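All remarks here apply to the structure that follows.
This one's a predicted model, so the numbers in the text were calculated from it and none came from an experiment. First the proteins, then the strands, lettered A, B, ... as listed; each starts at 1.
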Amino acid sequence: MSQTYNPTAFMNNADTHSGVTNAKLGVWLFLASEIMLFATLFTSYIVLRMASSSWPWGWDVLNVPLATLNTVILITSSVTIVMAYAKAYDKDKAGFQKWMAATILLSLGFLVVKAFEYGAEFKLGIGPHTSVFYAIYFTMTGLHGIHILGGIAVNAGLLYMSSVTEHWENPLFLGRVEGAGLYWHFVDIVWIFLFPALYLL
Amino acid sequence: MAHDNHGHHELSFTERYVFSVDHKVIGLQYLITSFLFLLVGFALMGLMRWQLAFPGSPIPFFGHLFPADLAPNGVMSGEFYNSLGAMHGTIMVFLGVVPLAVGAYGNYVLPLQIGAPDMAFPRMNMMSYWTYLPGGLLMLSSFLMPGGAAQSGWTSYPPLSIINPGQTVWLLSMVILITSSLLGAINFLVTTINMRAPGMSLWRMPVFCWAQFVTSVLLLLAFPPLEAASVLQLMDRVFHTSFYLPKDLVILGKAYAGSGGGQPLLWQHLFWFLAHPEVYVLVLPPMGIVAEIIANNTRKPLHGYKTMVFSMIAIGVMSFMVWAHHMFISGMSASLSNFFLVTTMIISVPSVALMTCLVFSLKGGSIRFNVPMLFALAFIPLFAIGGLTGLPLGLTVTDIYLHDTYYVIGHFHFVVVSGSIIALMGGTYYWFPKWYGRKMNDKLGLIHFWGSVITMCGIFGPMLFMGLGGASRRLYDPTAQLHNLPVQGWNVVATYSAYLLALFQIPFIYNFFNSMWRGEKTPENPWQATTLEWACPSPPPHGNFEKTPTVYRGPYEYSVPGRKTDFWMQTDKN
């Protein structure tokens, strides 16, 4: 067994039975499982709320203006990551780095705003233990926040890789950016469901 | 697909055997690890069975080895019994049978059968194993932690599970194990969809590949809900939320400090939403193995190949709609339980169709009674007992009587042990020549086979009788309830059968390791099979096939009239 073969060489080959690269198909399947994860949480939210004797209105106890700001930030970051992909597609390295950095900054901004929200609640002595409403609020937004962190890690990794010529010229690179973009849109969409469910309904 | 990608660097020992990216090495890693976990789970059950047969008497030989708080004077304590029960179920299902059926057989055989050089994501495949092993070890280590291992059954129903010690580690290792199986499921699906050899259309895939495909869909979509549910339970334990805790809960005479207002039943729904598809994860891959062995050893095509595939797909879809039949006695409304009663009866139709196809495949065949075939043949009646004893549990009226009795335990052990595990053991005898280029010993195989089958019936048959007699399950001391006394003798039969079953695994273990080095050498295709895994050297080199194979026909072209040989390989042009 002196010979070995390069296991990643066929990963970017779109000449597959489905016409989609392995990596892209893998990301879509991963997102399918993520949808089941968040769907379970939304289902639990509905069940707990329906069975509860008292459930506060989101706008009475949570900070709607800050959450609105966060929604705008996150939607904007979805646009910037598409721009980053478009620049990577055009082999425009500077453009890619600019838009990717903007995406990362926006997502950090989202976390900072979220931290202010959490901080104000903790200051009042409110935490996940306070009531089932706060329990589901902290769990869902917290889990979403972890997904944002994961996205920042991936995007920052891609930003770094683009500065290394070997990675930037790797034919796999564009597929990686696309995968990160798909994931980022998913995280964005989860927030678009979370925002009304927790704050507005 | 072009695979002109043969590099030329020598692999170190670690790269080849420990952190290997080769699906075959990873498959064997899964195989050995999950067989070991099966042994561990079996040993836990051996301790429990002593307590059930002879309640209150010291455990022989091992009793005094346990710390005094677990087994004072060698007699098992109630808490220890509960831990053993919870960990037996968890280890057997999540660390034993699923990794064996999917991680081991799927990993090794699936890429070979579809003619792929490896999995779609080899490094992710390695990560999947190296997430599974630490998760499993973490689960085992909970025995050594303060408070001991989880004590609330493998189902972990709240509020009990939130109050009992040990549960936090259980939840953490479940989250790790779920991550591992998600990585595996994505890999299997992409491999099956994208990596098939030229000519390998979906309808030319062996039944085993279809079984793995449907199983992976179930793993992908059913495990995340348990992950979410586990996160909620973890929040309840660590951050004192009340997702699963009702208002005004009183524990041991003291009011619970948390806010309350949650729903204990929510956990049951979320848990069984995973755990019912999980049952089919346990059953479909072994069925695929049985189908392969039967087609090969009857020397004729499977009866109803497409029926089998469509049945598996139907089972996969329906398995998401039957979960609450595990909860008929939880007090749900009659209209809801009627719905789940009906869906449960519907899902039994494709299950019976699968079994019928397997039985009809035998008809008119010139059967070769070799060791793998004996396992496959034993699977059919034993699994059928398990399946048919499940029907009364799917009907609300009978379930109310049977639900909390030993009948349920007998039923699902017939399905999983004398069904799935028997088939998985048969798979070892069948594919061993491919793994090591050598054959396992037939005589030892026969001893293992007959010993296992008879003792398995000796364990689980009595459970059915006890349950019909009304014996309650999950009891630390069955003699504490008078109505259990008339059937207590069956507990003794089951216990001794279990110890005999353990003895009969010794020839299997010896045979396995002895044959690895000293077994009779075999050619590339010793069973004269038609599928692709037999069209490459044994063991296959890294990259599997010397050149990408081309597939010309369906998977079971046996005894085609007018041909010299009675098998026509998928890769043979004419």
Side-chain angles (χ1 to χ4, degrees), chain A residues 1-11 13-48 50-55 127-140 142-143 146, chain B residues 1-11 16 21-22 117-124 182 185-187 189-191 193-196 200-202 220-229 231-232 235-236 239-243 247 258-263 265-266 269-270 273 541-543:
Chain A
M1 290 219 290
S2 63
Q3 276 205 337
T4 177
Y5 76 105
N6 175 5
T8 54
F10 51 88
M11 277 172 73
N13 187 348
D15 180 23
T16 57
H17 286 278
S18 65
V20 179
T21 61
N22 289 348
K24 196 167 169 178
L25 189 60
V27 171
W28 276 111
L29 290 170
F30 169 66
L31 293 184
S33 81
E34 288 282 277
I35 286 171
M36 290 304 285
L37 181 79
F38 279 100
T40 308
L41 291 172
F42 277 104
T43 310
S44 306
Y45 163 83
I46 294 168
V47 168
L48 291 167
M50 286 298 137
S52 174
S53 50
S54 65
W55 195 269
H129 59 276
T130 309
S131 70
V132 177
F133 169 78
Y134 279 111
I136 198 88
Y137 161 76
F138 278 109
T139 307
M140 290 180 92
L143 210 58
I146 292 173
Chain B
M1 285 196 291
H3 299 300
D4 184 24
N5 38 40
H6 290 257
H8 285 280
H9 90 107
E10 193 78 33
L11 292 173
R16 194 179 295 170
V21 292
D22 184 348
D118 203 312
M119 283 285 187
F121 307 110
R123 267 175 291 182
M124 204 163 95
L182 284 177
I186 293 172
N187 217 339
L189 289 172
V190 176
T191 307
I193 293 171
N194 267 358
M195 306 272 293
R196 282 170 283 125
M200 178 58 88
S201 64
L202 288 174
L220 184 78
L221 300 180
F223 257 127
L226 184 66
E227 192 158 24
V231 167
L232 296 187
M235 292 289 288
D236 273 6
F239 295 105
H240 307 294
T241 54
S242 298
F243 288 115
K247 237 187 170 67
S259 67
Q263 296 293 324
L265 271 183
L266 176 61
H269 281 288
L270 297 181
F273 186 81
H542 201 173

Inset, instruction - Could you tell me the separation between the CG atom of L25(A) and the CD1 atom of I186(B), rounded to the nearest 0.5 Å? - result: 9.5 Å

Legend entry - T40(A) vs E227(B), side chain to side chain contact (heavy atoms under 4.5 Å, CB included): CA-CA, chis, key distance, verdict: CA-CA 9 Å; T40(A) 308; E227(B) 192 158 24; over 6 Å; no

Inset, instruction - Measure L202(B) against the heavy atoms of chain A and call it side chain, backbone, both or neither at under 4.5 Å. - result: neither

Inset, instruction - Of all the heavy-atom pairs spanning F121(B) and N22(A), show the shortest one and how long it is. - result: CZ-O, 3.0 Å

Legend entry - CG-CE distance between L226(B) and M36(A), expressed to the nearest 0.5 angstrom: 12.0 Å

Legend entry - Reported CD1-to-OG distance for the pair I193(B) and S18(A), which is rounded to 0.5 angstrom: 6.5 Å

Inset, instruction - Enter the distance from D236(B):CG to T139(A):OG1 here, rounded to the nearest 0.5 Å. - result: 8.5 Å

Inset, instruction - Mind listing the closest non-hydrogen atom pair of H129(A) and H240(B) along with its distance? - result: CB-O, 3.4 Å

Inset, instruction - For residues L37(A) and P224(B), report the shortest heavy-atom separation together with the two atoms involved. - result: CD1-O, 3.5 Å

Inset, instruction - For chain B, find which of I136(A), V47(A), L143(A) contributes the most heavy-atom pairs closer than 4.5 angstrom. - result: I136(A)

Inset, instruction - For L266(B) and S44(A), run side chain to side chain contact (heavy atoms under 4.5 Å, CB included): C-alpha distance rounded to whole Å, both residues' side-chain angles, the deciding distance at 0.1 Å, then the answer. - result: CA-CA 7 Å; L266(B) 176 61; S44(A) 306; 3.8 Å; yes

Inset, instruction - Kindly give the heavy-atom pair with the smallest separation between V132(A) and S242(B), and that separation in Å. - result: CG2-O, 3.8 Å

Inset, instruction - Check whether more than 12 heavy atoms from other residues, nucleotides or ligands sit under 6.0 Å from atom CZ of F239(B), and answer yes or no. - result: no

Inset, instruction - Please state whether the side chain, the backbone, both or neither of S52(A) comes within less than 4.5 Å of a heavy atom of chain B. - result: neither

Legend entry - Interatomic distance, F30(A) atom CZ to L182(B) atom CG [nearest 0.5 angstrom]: 8.5 Å

Legend entry - Engaged part of M200(B) at the chain A interface, taking heavy atoms whose separation is under 4.5 Å: backbone

Inset, instruction - Please look at T130(A) and chain B and tell me whether the side chain, the backbone, both or neither of the residue comes under 4.5 angstrom of a heavy atom of that chain. - result: backbone

Legend entry - Heavy-atom proximity to chain A below 4.5 Å, by part of F223(B): neither

Legend entry - L270(B), part contacting chain A, at a heavy-atom distance under 4.5 Å: side chain

Inset, instruction - Could you pull out the closest heavy-atom pair between S131(A) and S259(B), with the gap in Å? - result: CA-OG, 3.7 Å

Legend entry - CD1 on I35(A) to CG on L221(B), rounded to 0.5 Å: 9.5 Å

